[in-house]
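First up is the structure itself, then whatever we jot down about it.
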Amino acid sequence: EPEVTQTPSHQVTQMGQEVILRCVPISNHLYFYWYRQILGQKVEFLVSFYNNEISEKSEIFDDQFSVERPDGSNFTLKIRSTKLEDSAMYFCASSEGRAPGGKLFFGSGTQLSVL
Amino acid sequence: AQSVAQPEDQVNVAEGNPLTVKCTYSVSGNPYLFWYVQYPNRGLQFLLKYITGDNLVKGSYGFEAEFNKSQTSFHLKKPSALVSDSALYFCAVRDSSNTGKLIFGQGTTLQVKP
(Lines give C-alpha, C1' and ligand atoms only; values in the text may rest on other atoms or scores of the structure.)
Protein backbone atom coordinates (compact mmCIF):
# COMPACT_ATOMS: atom_id res chain seq x y z
CA GLU A 1 0.00 0.00 0.00
CA PRO A 2 1.30 3.52 -0.72
CA GLU A 3 2.69 5.41 2.26
CA VAL A 4 3.04 8.89 3.59
CA THR A 5 6.62 9.46 4.67
CA GLN A 6 7.82 11.93 7.27
CA THR A 7 11.28 13.15 8.15
CA PRO A 8 12.95 13.36 10.55
CA SER A 9 11.49 10.78 12.90
CA HIS A 10 12.89 12.70 15.87
CA GLN A 11 13.80 16.37 16.16
CA VAL A 12 15.31 18.04 19.18
CA THR A 13 15.54 21.80 19.25
CA GLN A 14 16.11 24.67 21.61
CA MET A 15 13.26 26.96 22.59
CA GLY A 16 13.00 29.88 20.21
CA GLN A 17 14.54 28.02 17.26
CA GLU A 18 12.79 27.42 13.98
CA VAL A 19 11.99 23.87 12.90
CA ILE A 20 10.73 22.45 9.64
CA LEU A 21 8.97 19.12 9.60
CA ARG A 22 8.82 17.39 6.26
CA CYS A 23 6.28 15.09 4.69
CA VAL A 24 5.90 13.41 1.34
CA PRO A 25 2.21 12.65 0.80
CA ILE A 26 0.94 9.93 -1.49
CA SER A 27 1.50 11.08 -5.04
CA ASN A 28 -2.05 11.31 -6.39
CA HIS A 29 -3.54 12.78 -3.24
CA LEU A 30 -4.90 16.29 -3.23
CA TYR A 31 -5.72 17.03 0.42
CA PHE A 32 -3.04 17.36 3.05
CA TYR A 33 -3.21 17.67 6.80
CA TRP A 34 -1.06 18.17 9.86
CA TYR A 35 -2.04 16.81 13.24
CA ARG A 36 -0.24 16.76 16.56
CA GLN A 37 -0.39 14.53 19.59
CA ILE A 38 0.96 15.77 22.88
CA LEU A 39 2.09 12.87 25.05
CA GLY A 40 -0.90 11.16 26.61
CA GLN A 41 -3.42 13.35 24.86
CA LYS A 42 -5.65 13.05 21.84
CA VAL A 43 -4.66 13.59 18.23
CA GLU A 44 -5.46 17.21 17.41
CA PHE A 45 -6.09 18.75 14.02
CA LEU A 46 -3.76 21.61 13.09
CA VAL A 47 -4.32 22.50 9.47
CA SER A 48 -5.62 21.29 6.13
CA PHE A 49 -4.22 22.27 2.76
CA TYR A 50 -5.68 22.02 -0.70
CA ASN A 51 -4.90 23.60 -4.04
CA ASN A 52 -1.83 25.31 -2.61
CA GLU A 53 -3.61 27.08 0.16
CA ILE A 54 -4.79 26.52 3.68
CA SER A 55 -8.41 25.41 3.67
CA GLU A 56 -8.88 25.23 7.41
CA LYS A 57 -6.79 25.74 10.52
CA SER A 58 -7.41 25.18 14.19
CA GLU A 59 -6.88 27.70 16.95
CA ILE A 60 -3.62 25.91 17.75
CA PHE A 61 -2.26 26.92 14.35
CA ASP A 62 -1.26 30.48 15.22
CA ASP A 63 1.14 32.86 13.50
CA GLN A 64 4.12 30.78 14.58
CA PHE A 65 3.01 27.98 12.28
CA SER A 66 3.08 27.85 8.51
CA VAL A 67 2.72 25.19 5.85
CA GLU A 68 4.04 24.96 2.37
CA ARG A 69 4.08 22.64 -0.60
CA PRO A 70 7.25 23.92 -2.18
CA ASP A 71 7.79 21.54 -5.05
CA GLY A 72 4.66 19.51 -5.75
CA SER A 73 5.79 16.54 -3.70
CA ASN A 74 6.85 17.74 -0.26
CA PHE A 75 4.52 19.22 2.32
CA THR A 76 6.19 21.03 5.19
CA LEU A 77 5.19 22.39 8.56
CA LYS A 78 7.32 25.22 9.91
CA ILE A 79 7.30 26.42 13.48
CA ARG A 80 8.97 29.80 13.50
CA SER A 81 9.95 30.14 17.15
CA THR A 82 9.40 26.96 19.10
CA LYS A 83 7.99 26.91 22.62
CA LEU A 84 8.22 24.18 25.22
CA GLU A 85 4.56 23.40 24.70
CA ASP A 86 5.18 22.62 21.04
CA SER A 87 6.79 19.36 22.12
CA ALA A 88 4.60 16.67 20.59
CA MET A 89 4.35 14.03 17.91
CA TYR A 90 3.43 15.66 14.61
CA PHE A 91 1.60 13.59 12.01
CA CYS A 92 1.18 14.39 8.35
CA ALA A 93 -1.77 12.90 6.48
CA SER A 94 -3.12 12.95 2.97
CA SER A 95 -6.27 11.87 1.19
CA GLU A 96 -7.36 11.54 -2.38
CA GLY A 97 -10.42 13.69 -1.85
CA ARG A 98 -12.53 15.21 0.86
CA ALA A 99 -15.48 12.87 0.45
CA PRO A 100 -16.57 11.83 3.93
CA GLY A 101 -16.21 8.15 3.15
CA GLY A 102 -12.61 8.40 2.08
CA LYS A 103 -9.82 7.61 4.48
CA LEU A 104 -6.79 9.61 5.48
CA PHE A 105 -3.36 8.04 5.21
CA PHE A 106 -0.97 8.98 7.99
CA GLY A 107 2.78 9.09 8.19
CA SER A 108 4.76 7.64 11.09
CA GLY A 109 5.18 11.01 12.69
CA THR A 110 7.96 13.32 13.82
CA GLN A 111 8.60 13.45 17.55
CA LEU A 112 9.52 17.06 18.32
CA SER A 113 11.23 17.81 21.60
CA VAL A 114 11.72 21.46 22.55
CA LEU A 115 14.26 22.02 25.31
CA ALA B 1 -19.96 20.38 16.08
CA GLN B 2 -18.94 16.82 15.38
CA SER B 3 -17.21 14.83 18.09
CA VAL B 4 -16.39 11.33 19.24
CA ALA B 5 -15.79 10.08 22.76
CA GLN B 6 -13.94 7.03 24.00
CA PRO B 7 -14.98 6.52 27.61
CA GLU B 8 -12.18 4.12 28.54
CA ASP B 9 -8.53 5.14 28.80
CA GLN B 10 -7.46 1.51 28.92
CA VAL B 11 -8.98 -1.88 28.23
CA ASN B 12 -7.35 -5.07 29.51
CA VAL B 13 -8.22 -8.48 28.13
CA ALA B 14 -6.68 -11.91 28.20
CA GLU B 15 -5.43 -13.43 24.98
CA GLY B 16 -8.13 -15.47 23.30
CA ASN B 17 -10.96 -13.54 24.90
CA PRO B 18 -13.26 -11.21 22.96
CA LEU B 19 -12.49 -7.52 23.15
CA THR B 20 -14.56 -4.38 22.84
CA VAL B 21 -13.28 -0.82 22.63
CA LYS B 22 -16.07 1.69 23.02
CA CYS B 23 -16.81 4.82 21.01
CA THR B 24 -19.77 7.16 20.94
CA TYR B 25 -20.31 9.95 18.47
CA SER B 26 -22.16 13.20 18.04
CA VAL B 27 -22.70 14.45 14.51
CA SER B 28 -25.09 16.57 12.56
CA GLY B 29 -26.13 14.69 9.47
CA ASN B 30 -24.82 11.31 8.40
CA PRO B 31 -21.99 9.86 10.45
CA TYR B 32 -18.79 8.76 8.70
CA LEU B 33 -16.91 6.85 11.35
CA PHE B 34 -13.42 5.39 11.42
CA TRP B 35 -11.14 3.36 13.63
CA TYR B 36 -7.38 3.81 13.52
CA VAL B 37 -4.70 1.95 15.45
CA GLN B 38 -1.33 3.25 16.59
CA TYR B 39 1.40 0.77 17.43
CA PRO B 40 4.40 2.01 19.43
CA ASN B 41 6.62 4.36 17.41
CA ARG B 42 4.36 4.02 14.38
CA GLY B 43 1.84 6.23 12.66
CA LEU B 44 -1.91 5.87 12.63
CA GLN B 45 -3.09 2.90 10.61
CA PHE B 46 -6.59 2.62 9.19
CA LEU B 47 -8.61 -0.33 10.51
CA LEU B 48 -12.12 0.15 9.21
CA LYS B 49 -14.86 2.64 8.46
CA TYR B 50 -18.60 2.98 8.41
CA ILE B 51 -20.26 5.00 5.69
CA THR B 52 -23.61 3.38 5.09
CA GLY B 53 -25.14 -0.05 4.76
CA ASP B 54 -24.60 -2.97 7.13
CA ASN B 55 -24.24 -2.00 10.73
CA LEU B 56 -21.46 -4.55 11.22
CA VAL B 57 -18.32 -3.45 9.44
CA LYS B 58 -15.34 -5.75 8.98
CA GLY B 59 -11.82 -4.43 8.84
CA SER B 60 -8.16 -5.30 9.03
CA TYR B 61 -6.55 -7.85 11.36
CA GLY B 62 -9.87 -9.53 12.22
CA PHE B 63 -11.41 -6.40 13.75
CA GLU B 64 -14.99 -5.39 13.24
CA ALA B 65 -17.16 -2.56 14.47
CA GLU B 66 -20.83 -2.28 15.15
CA PHE B 67 -22.67 0.89 14.23
CA ASN B 68 -25.68 1.58 16.43
CA LYS B 69 -27.65 4.64 15.42
CA SER B 70 -30.03 4.66 18.37
CA GLN B 71 -27.16 4.53 20.85
CA THR B 72 -24.87 6.72 18.69
CA SER B 73 -22.12 4.19 19.17
CA PHE B 74 -19.47 2.60 17.00
CA HIS B 75 -17.73 0.03 19.19
CA LEU B 76 -14.69 -1.83 17.95
CA LYS B 77 -14.70 -5.59 18.49
CA LYS B 78 -12.67 -8.70 17.93
CA PRO B 79 -13.82 -12.22 18.78
CA SER B 80 -10.44 -13.46 19.99
CA ALA B 81 -7.72 -11.04 21.11
CA LEU B 82 -4.04 -11.50 20.35
CA VAL B 83 -1.12 -10.14 22.36
CA SER B 84 -0.05 -8.36 19.17
CA ASP B 85 -3.31 -6.38 19.22
CA SER B 86 -1.94 -4.38 22.14
CA ALA B 87 -1.86 -0.80 20.89
CA LEU B 88 -3.58 2.58 21.08
CA TYR B 89 -6.93 2.74 19.29
CA PHE B 90 -8.61 5.88 18.05
CA CYS B 91 -12.18 6.36 16.96
CA ALA B 92 -12.72 9.24 14.55
CA VAL B 93 -15.43 11.00 12.58
CA ARG B 94 -14.82 12.64 9.24
CA ASP B 95 -15.90 16.24 9.32
CA SER B 96 -18.60 17.28 6.91
CA SER B 97 -16.90 20.62 6.22
CA ASN B 98 -15.10 21.38 3.00
CA THR B 99 -11.80 20.12 4.34
CA GLY B 100 -12.83 16.61 5.26
CA LYS B 101 -10.61 16.52 8.30
CA LEU B 102 -10.82 13.71 10.84
CA ILE B 103 -11.86 14.48 14.39
CA PHE B 104 -10.40 11.98 16.85
CA GLY B 105 -11.47 10.63 20.18
CA GLN B 106 -9.03 10.63 23.03
CA GLY B 107 -7.80 7.11 22.36
CA THR B 108 -8.01 3.84 24.26
CA THR B 109 -5.01 1.73 25.13
CA LEU B 110 -5.69 -1.96 24.61
CA GLN B 111 -3.55 -4.32 26.65
CA VAL B 112 -3.83 -8.00 25.79
CA LYS B 113 -2.12 -10.29 28.28
CA PRO B 114 -0.95 -13.82 27.54
Side-chain angles (χ1 to χ4, degrees), chain A residues 1-10 23-26 29-51 53-61 67 89-111, chain B residues 1-10 23 25 27-54 57 59-61 65 67 74 87-109:
Chain A
E1 188 171 66
E3 289 186 343
V4 175
T5 55
Q6 288 186 244
T7 55
S9 56
H10 292 85
C23 169
V24 179
I26 294 170
H29 284 187
L30 300 176
Y31 290 79
F32 313 110
Y33 309 84
W34 282 100
Y35 286 80
R36 79 171 186 191
Q37 183 184 26
I38 295 172
L39 187 63
Q41 297 186 25
K42 69 196 298 185
V43 178
E44 301 173 291
F45 168 76
L46 290 179
V47 66
S48 59
F49 191 87
Y50 168 71
N51 200 25
E53 60 183 23
I54 290 173
S55 46
E56 184 177 355
K57 58 184 180 180
S58 72
E59 57 190 28
I60 303 168
F61 194 90
V67 289
M89 177 74 88
Y90 288 81
F91 291 107
C92 172
S94 69
S95 68
E96 204 169 356
R98 61 176 175 85
K103 66 183 184 185
L104 271 63
F105 291 77
F106 285 82
S108 299
T110 295
Q111 181 65 55
Chain B
Q2 320 230 70
S3 65
V4 291
Q6 295 177 245
E8 302 153 316
D9 289 336
Q10 182 156 328
C23 172
Y25 66 88
V27 303
S28 53
N30 294 322
Y32 298 93
L33 299 161
F34 297 75
W35 277 99
Y36 280 79
V37 60
Q38 184 182 23
Y39 296 102
N41 302 313
R42 301 286 298 275
L44 296 159
Q45 296 180 36
F46 170 80
L47 275 181
L48 50 79
K49 66 180 178 182
Y50 173 83
I51 305 173
T52 186
D54 288 342
V57 178
S60 307
Y61 313 121
F67 172 72
F74 188 54
L88 183 55
Y89 290 81
F90 289 97
C91 183
V93 61
R94 188 120 193 229
D95 191 47
S96 55
S97 71
N98 287 336
T99 64
K101 68 179 187 286
L102 278 175
I103 300 166
F104 286 91
Q106 45 276 59
T108 299
T109 299

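Basis for what follows: all heavy atoms, side chains included, without hydrogens, waters or symmetry-related copies. Just so we're on the same page: letters track the sequence lines, and every chain starts at 1.
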Among the listed options A:S95, A:G102, A:G109, A:S48, the residue most often paired with chain B at heavy-atom distances under 4.5 Å: A:G102
A:T110 meets the side-chain hydrogen bond (donor to acceptor under 3.5 Å, both in side chains) criterion, sequence neighbours left out, with none
Name the region of [X], side chain, backbone, both or neither, that has any atom closer than 4.5 Å to a heavy atom of chain A.
X	answer
B:Q45	neither
B:Y50	neither
B:K49	side chain

Can you sort out the partners of B:T109 under side-chain contact (heavy atoms from CB on, under 4.5 Å), two or more places apart, ordered by chain and number? B:Q10, B:L88
Evaluate whether atom NZ of A:K57 has more than 12 neighbouring non-hydrogen atoms of other residues, nucleotides or ligands under 6.0 angstrom away. no
For [X] against [Y], the heavy-atom pair lying closest together:
X	Y	answer
A:L104	B:Y36	O-OH, 2.6 Å
A:Y33	B:K101	CE2-CA, 3.8 Å
A:K103	B:R94	N-NH1, 4.1 Å
A:F106	B:L102	CE1-CD1, 4.0 Å

Region of [X] that comes under 4.5 Å of a non-hydrogen atom in chain B:
X	answer
A:Q37	side chain
A:S9	neither
A:Y50	neither
A:F49	neither

